[in-house]
Number of protein chains: 2
Amino acid sequence: MIRIVLAEDQAMVLGAIAALLDMEPDLTIVGRAADGAAALDLVRALAPDILLTDIEMPHLTGLDVALALADQRLATRTVIVTTFARPGYLARARAAGVRGYLLKDTPVEQLAAAIRVVAAGGTFIPAELAASAWEASVDPLTPRERDALRLAEEGLSNKEIARRLDLSPGTVRNYLSDAAGKLGAGNRIEAGRIARANGWL
Amino acid sequence: MIRIVLAEDQAMVLGAIAALLDMEPDLTIVGRAADGAAALDLVRALAPDILLTDIEMPHLTGLDVALALADQRLATRTVIVTTFARPGYLARARAAGVRGYLLKDTPVEQLAAAIRVVAAGGTFIPAELAASAWEASVDPLTPRERDALRLAEEGLSNKEIARRLDLSPGTVRNYLSDAAGKLGAGNRIEAGRIARANGWL
DNA sequence: CGATGCGAGTGACGTTTGTCATGGGCAACC
DNA sequence: GGTTGCCCATGACAAACGTCACTCGCATCG
């Protein structure tokens, strides 16, 4: 019997997937979490075989949780189920020791299959995704550039960003200009979109 | 027996919810669609009691489909299930004659309940949502301002937006400035975020 | 028929961004 | 111990953006 903890912030999706997996004779849902922090607690308390988790959740992302599990050398193996095919997400997932990664776009049938493969010690990453991650370049941004971009995305001016990051406005301008240059963008908005699409923010 | 067509672009969520609803003795899924256009075709072909649909989908949004059904006076009643609590979405849904609206955040149990209520001729809209829609202001943007804002969001310059909309750059500047003024934003980025959060784009 | 509102445009002005050169401090890595 | 890369900063210039005032055509509505 494969014991699973499920983490997903949309209650309806959480419930639907749980119901679906519980119908499989060899799978059992031992815990459900609506955010990353709760998921981490549950995994520590229950030591399931598999953590099946979304990425974008409150408090801690699924990637954060996977990283924490790897750091603490817990035996639970992580399978990511996410909406986004962002290459950076996949790269970070692999770096966090994630063994399974699939999109919510894929048919439900593959979900149980992925869980069984990973539980048995294997790896489950769709070929298209693996390929896109391979050809994807690595994040060219420095931490401060990322900080500035995140705030710029929200429509803050250089002056406001400078205040938040405790920098001079000129430095912020430079960071954003550098970031746009690295990303091949013509301005901060485009730079933000590109960085986000790649999973770098 | 309540006959349902389900529209949802994420295959896994589609499959999971379909499986869940099919377990209910009085509900039956007669068709599934992965985008709005397919959903509309299916409803026309099958004349189900209920169309259960997401909003954000390729080709046609769930709101577009609901509007088309209302225009053609089809008997099928629409229930919206979406990630977003944007007041503008709810307002447009009501205008399109939608009788049920719920968030993917709500527990699965409410889904079947909502479907039964709407199938019986009732209305199902959570109190919190109805309240937020009530206090929400109406979309203050003109169609051209919306056009300009959508392109500005993508990082296009005034010149590029002007070319796409076949306007002069000065006019585009004015539209975006007007839009920002109406929305209380300090620049185009913030204006875009506010408009999107309200469901006006 | 006049008022209103929207689309479209111009010109001007100041502010904000984007770009570039250049410099210093600091940590990491041969 | 030098080189490299990141962080932080400044100054200067050009380009893009935000704001305001004002005009025109046109459709719709009272």
Side-chain angles (χ1 to χ4, degrees), chain A residues 88 91-92 95 136-201, chain B residues 88 91-92 95 136-201:
Chain A
R92 282 196 268 161
S137 39
V138 284
D139 183 352
L141 302 174
T142 68
R144 299 302 268 175
E145 286 166 357
R146 258 191 301 279
D147 294 340
L149 251 190
R150 265 190 284 256
L151 294 174
E153 264 196 313
E154 294 174 21
L156 301 192
S157 68
N158 288 329
K159 212 188 304 175
E160 293 167 317
I161 296 171
R163 202 158 27 222
R164 296 258 197 119
L165 297 183
D166 206 25
L167 293 175
S168 92
T171 303
V172 172
R173 270 211 315 277
N174 286 341
Y175 283 165
L176 292 176
S177 178
D178 285 351
K182 289 176 184 176
L183 301 177
N187 56 49
R188 58 185 62 200
I189 310 178
E190 212 186 331
R193 288 175 65 87
I194 293 172
R196 192 155 288 283
N198 278 284
W200 293 332
L201 290 183
Chain B
R92 281 196 269 161
S137 39
V138 284
D139 182 353
L141 302 175
T142 69
R144 298 303 268 174
E145 285 167 358
R146 256 192 300 281
D147 294 340
L149 211 46
R150 264 190 284 258
L151 294 173
E153 265 196 313
E154 294 174 21
L156 301 192
S157 67
N158 288 329
K159 211 187 306 175
E160 293 167 317
I161 296 171
R163 203 158 28 223
R164 296 258 199 119
L165 297 182
D166 207 25
L167 293 175
S168 93
T171 303
V172 171
R173 268 212 315 278
N174 284 342
Y175 283 163
L176 292 176
S177 178
D178 286 350
K182 290 176 184 175
L183 301 177
N187 56 48
R188 58 185 61 201
I189 311 177
E190 211 186 333
R193 288 174 64 87
I194 293 172
R196 192 155 288 283
N198 278 285
W200 295 333
L201 291 183

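Below, chains carry the letters A, B, ... as their sequence lines are ordered, and counting in each starts from 1. Bear in mind the structure is a predicted one, so any value in this text is a computation, not a measurement. Note: hydrogens, waters and symmetry copies are ignored here, and every other heavy atom, side chains too, is used.
Remark: Arg150(A) engages Asp147(A) in a side-chain hydrogen bond (donor to acceptor under 3.5 Å, both in side chains) (not counting sequence neighbours). Here Arg196(B) pairs with Glu153(B) under the side-chain hydrogen bond (donor to acceptor under 3.5 Å, both in side chains) rule; sequence neighbours left out. Partners of Asn174(A) under the side-chain contact (heavy atoms from CB on, under 4.5 Å) rule, at least two apart in sequence or in another chain, do not exist in this structure. Residues satisfying the side-chain contact (heavy atoms from CB on, under 4.5 Å) criterion with Ala162(A), sequence neighbours excluded, are Pro169(A), Val172(A). Applying the side-chain contact (heavy atoms from CB on, under 4.5 Å) test to Ser168(B) and every residue at least two apart in sequence or in another chain returns Thr171(B). Remark: Ser157(A) engages Glu160(A) in a side-chain hydrogen bond (donor to acceptor under 3.5 Å, both in side chains) (not counting sequence neighbours). Partners of Ile189(B) under the side-chain contact (heavy atoms from CB on, under 4.5 Å) rule, at least two apart in sequence or in another chain, are Arg188(A), Ile189(A), Asn187(B). In this structure Arg164(A) satisfies the side-chain hydrogen bond (donor to acceptor under 3.5 Å, both in side chains) test with no other residue, sequence neighbours excluded.
For the segment residues 172-195 of chain A, the set of residues with a heavy atom within less than 4.0 Å of an atom of DNA chain C comprises Arg173(A), Asn174(A), Ser177(A), Asn187(A), Arg188(A), in numerical order. A heavy atom lying under 4.0 Å from DNA chain C marks none of the residues of residues 153-161 of chain B.
The shortest heavy-atom contact between Ala191(B) and Ala180(B) is CB-CA, 4.0 Å. Leu141(B) approaches Ala179(B) most closely through the heavy-atom pair CD2-CB, 3.8 Å. For the pair Tyr175(A) and Glu145(A), the tightest heavy-atom approach, listed with the atom from each and the gap, is O-CG, 3.9 Å.
Within 4.0 Å (heavy atoms only), Thr142(B) reaches sugar-phosphate atoms of the nucleic acid but no base atom. Pro143(B) comes within contact range of the sugar-phosphate backbone alone, with a heavy-atom separation under 4.0 Å but no base atom that close.
For Ser168(B), a side-chain nitrogen or oxygen approaches OP1 or OP2 of dT10(C) to under 4.0 Å.
The shortest side-chain heavy-atom distance between Asn198(A) and Leu183(A) does not fall under the 4.5 Å cut-off.
Between the side chain of Arg146(A) and the main chain of Ala195(A), no donor-acceptor pair closer than 3.5 Å is present.
Of the two residues contacting DNA chain C, namely Glu145(B) and Gly170(B), the nearest-nucleotide position lying further toward the 5' end is that of Glu145(B).
Of all nucleotides in DNA chain D having an atom under 4.0 Å from a heavy atom of chain A, the first and last in 5' to 3' order are dC6(D) to dA12(D).
The overall bend of the helix from dC1(C)-dG30(D) to dC30(C)-dG1(D), read as the angle between its terminal helix axes built from five base pairs each, is 40° when rounded to 10 degrees.
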